[in-house]
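Take a look at the structure below.
Reminder, nothing fancy here: chain letters follow the sequence lines and each chain counts from 1.
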Amino acid sequence: MSAFNAIGAEREIDRDEFTPGLEPQPTWCPGCGDFGVLKALKQALPEVGKNPDEVLTVTGIGCSGKLNSYLDTYGFHTIHGRSLPVARAAKLANPDLEVIAAGGDGDGYGIGGNHFIHTARENHDMTYIVFNNEVFGLTKGQTSPTSPKGHKSNTQPSGSAKSPLRPLSMSLNAGATYIARTAAVNPNQAKEIIKEAIEHDGFAHIDFLTQCPTWNKDARQYVPYVDVQESDDYDFDVTDRREAAEMMFETEDALHEGTVLTGRYYVDEESPSYQEEKLANGELPETPLAERYFDDDYEWERSYDLLERHT
Amino acid sequence: MSDDELIWRIAGGSGDGIDSTSQNFAKALMRSGLDVFTHRHYPSRIRGGHTYVEIRAAGHEVQSRGDGYNFLLALGDSFARNPQEESVYGNEELKPLSENLDELREGGVIVYDEGLLSEEDVAELDLEERAEENDWHVYPLDLREIAKEHGREVMRNTAGVGVTAALLEMDLEHIEDLMEDAMPEKILEPNLEILHETYEMVRDEYEFTHDLRIPEGEHDEEQALLSGSNAIAYGAIDAGCRFIAGYPMTPWTDVFTILSQNFPDMGGISEQVEDEIAAAALALGASHAGAKAMSGSSGGGFALMSEPLGLAEMTETPVVLVESMRAGPSTGMPTKPEQGDLEFVLYTSQGDSSRVVFAPGDIEEAYEQTRLAFHIAYEYQLPAIVIYDQKLSGENKNVPVSFFDREPEPTLGSTLTEEELAEAAHDASGKFLRFQHDPDNDAGVSPRSLPGQEGGRYLATGNEHTPAGHIEEDPTNRVIQMERRMEKLTHIREELDEEHPSNQTYYGDEEADYGIITWGSSHGAVAEAVERLNEDGHSVKGVTVSDMMPFPEKEMTEFLESVDEAMVVEMNATAQFRGLIQKELGRYGDKMTSLLKYNGNPFEPAEVVEGYEVNVAETDEEPSAQVRIEPAAGD
Ligand SMILES: Cc1ncc(C[n+]2csc(CCOP(=O)(O)OP(=O)(O)O)c2C)c(N)n1
Ligand code: SF4
């Protein structure tokens, strides 16, 4: 018998199961885009047949990091920028878990930038949602890595001299195999994209535009979006790296010029995930490591078995 | 300093194969029935630079390097720099000989490779004169030439071993066996030829003027020769650890490498990741999902782990971290030992520390305490740290094979099964009360569930939280949670006192009113010094303390109460361990003197003896320039 019976249990799952009891109520500001992510996730998870006990959400610090406080799954609210390494290891220790990592643009592209590049490069099988509000929310509105050039904030009163980071291109270059951008103002698309990302075998990165009405009043997220998959103006092959790169380039240029493009930019179903690679080269056990501790019949190898080389 | 021991030093250039040659030779000595202890000295360079390995072998127990040594095999440095740089670096080629003469004992033997060390160079050293003064017996041989004749120049190591065996009248049997095991066919033949040729040549053609011969010894049971890093890795394996994440940094890399090499065969997982923050965070993630996990680093890398370490404390995630000290601050001296990270490891990360810190003193303890660290971490749900240093990491010592025949402990400690979970406390909304004080467990431990288990959902957060894991800043809740976490340390101390009273090691004369206190890898030198002092008619007792946190308050109070004066021996400049004792016990500042060494080399027993003499006998002499005495408060 498995020690993790919730995993893969087939049953009808109600959306409300992902909603915690009365407490705690979200502390996000009214109108905050973070509500959009929460809602989309609550809808997407039952639709892909996930039971809340088999889902582990791992978050960083920031308004975004509170996501799993308001979503009733297993959760690990970690430290600023470090959600990905925690999430990666949980998935390696128990590949049957559905692991979703989330954090803000400061969290994920700033302090956690190094982890982001390497998690994408390794193509870990997990979903990573970055709440991109182009600002530091929780610490009260400082400039973030995605803030547009010239963005004024209490720490950069003369306006930022830095160009914003390009998360989609960065992700593609690093090696993510599913890359999309969606927006809180576009709930249907957001839900569909999250579903695809969860079902994707590999590192699925969603740059989720979440407006911050409190600190970033004139952010572009308010501008009507265009869904690149729905629009006749954009025609490209999402499985082609070069075409995807070109589209991302256009999108990232356009973002601060008044056009918000969203949709899937890159989908690579061919490349094996890190877990598959490690299984293939013998560096990942066939049954989840975590299961083994509950198996009374498992023969644990001992250091004693290794002593011959020392005698 | 008994005469019935061999201390063989092989010196050459870094990258010349000194390490592997000495490993094999040490094993051959062990197989011939001797106890062995090895010490490695090397520079922070990949190729070239003076390096040596010392093997102490005797028919009795050896737990430290000796004072000086009595057999030098100087091979020359084949990677020595361009001679034009000699004005800056000195004559590097000559260093295997020149750098080692000061510590060679009277009556010692010198074998040097004439092939690499030219006559004129050697002449610079006044070798003849010094040999006469010290009764050294010098055997110059062209080892390089012999090696070249039969194979390749690098095989001069084997030639050196052949000469050594002949001069010591030692059987070749064990050396041959080991070469056969270690070498591929192609290079085995020429090496065996070289071994025999040098052996027979020296045996048949040389007149021996020296007295040194291989000591006699016999073991009652089979022995294994292994390093502190091996012992830590093996302790982890037997504790059921099957997940390691790391980033290379000397000397921690050894443990990381050993586990990475073994884990694939035993269904374990090893991850080399982007940095040490990630490494520690991965260990937490794996543990959270239900694996026994570890990570580790050395000073600078451990600094990066400070945040995940605090996260483990707040989220009550079990994890074992190892910290392998090297001389600091900053990058310091990467290949030199120091015991300078104690305070750092005890208190790094924000907030009050609720962690366990063990400091093994020798190879057996490294194994035991790593196992214990896992046991405590998973039972009490907190981080446990094993702090050790470059010395313990790299030294090799023989241990009876039977010592490792312990039952593995692959249990997740206070983790619930799904059946137990169904019975556990849940709040009105149905949420599992992960951080609820458990009335059946007064140790403050609240059993955990694992993601994927039915009905065990909870939020682990680095913020202060309620029993269900919700973020909460209510003062009453804060105090309850804080006290529950701190309560664990009190109970861990009780468990250690009851079940592991042997963690602290006592030696010497029980009745003595002078005490020597040390910790970690300085143990061997201090233990031997105490033995010698007692043999010489002094009355001294010693203790090596292993539990740094929670501190063995009762034991140490008893020890300090039983003596009039004590000397605390440690390898750092600021007497960190003595400071810890004073902080934890709140007194004895006027009883304790410190003997400190921080030049990058570990203590030798004689330095501890000298420290005692200078301190107690209050001779007018200053201790040698390499050690410092820090007087007791009020002195
Ligand atoms: C190591 C560290 N540095 C700084 C902080 C303070 N901090 C908390 S949230 C935050 C910014 C979060 O911004 P972002 O990731 O964009 O998330 P948002 O709040 O906008 O959702 C910072 C700097 C911290 N908690 N830890
Ligand atoms: S500060 Fe901005 S990001 Fe944070 S909750 Fe308020 S609106 Fe949302």
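Neither the backbone nor the side chain of F263(B) comes within contact range of chain A; no heavy atom of the residue lies under 4.5 Å from a heavy atom of that chain. Only the backbone of R406(B) comes within less than 4.5 Å of a heavy atom of chain A; no side-chain atom from C-beta onward does. Proximity to chain A (any heavy atom under 4.5 Å) is restricted, for E222(B), to the side chain, taken from C-beta onward. With a threshold of 4.5 angstrom between heavy atoms, N230(B) approaches chain A through side-chain atoms but not through N, CA, C or O. Residue L225(B) touches chain A through both its backbone and its side chain, counting heavy-atom pairs closer than 4.5 Å. When heavy atoms are compared at a cutoff of 4.5 Å, I258(B) does not approach chain A at all. Both the backbone and the side chain of M266(B) come within less than 4.5 Å of a heavy atom of chain A. With a 4.5 angstrom heavy-atom cutoff, I471(B) touches chain A only via side-chain atoms.
Between H288(B) and F76(A), the two ring planes are tilted [angle within 30° to 60°].
Considering every non-hydrogen atom in both F243(B) and A89(A), the closest pair reads CZ-CB, 3.7 Å.
Contacts from residues 397-404 of chain B to chain A, taken as heavy-atom pairs separated by less than 4.5 Å, involve V401(B), F404(B) in sequence order.
If you check the side chains of N5(A) and E454(B), you find no donor sitting under 3.5 Å from an acceptor. Counted by atom type alone, H470(B) and Y70(A) present zero donor-acceptor pairs between their side chains at under 3.5 Å.
The CE atom of M314(B) lies 14.0 Å from the OG1 atom of T78(A); values are rounded to the nearest 0.5 Å.
Within 6.0 Å of OH on Y247(B) lie no more than 12 heavy atoms contributed by other residues, nucleotides or ligands.
Within the 4.5 Å cutoff, the side chain of L289(A) has no heavy atoms near those of the K292(B) side chain.
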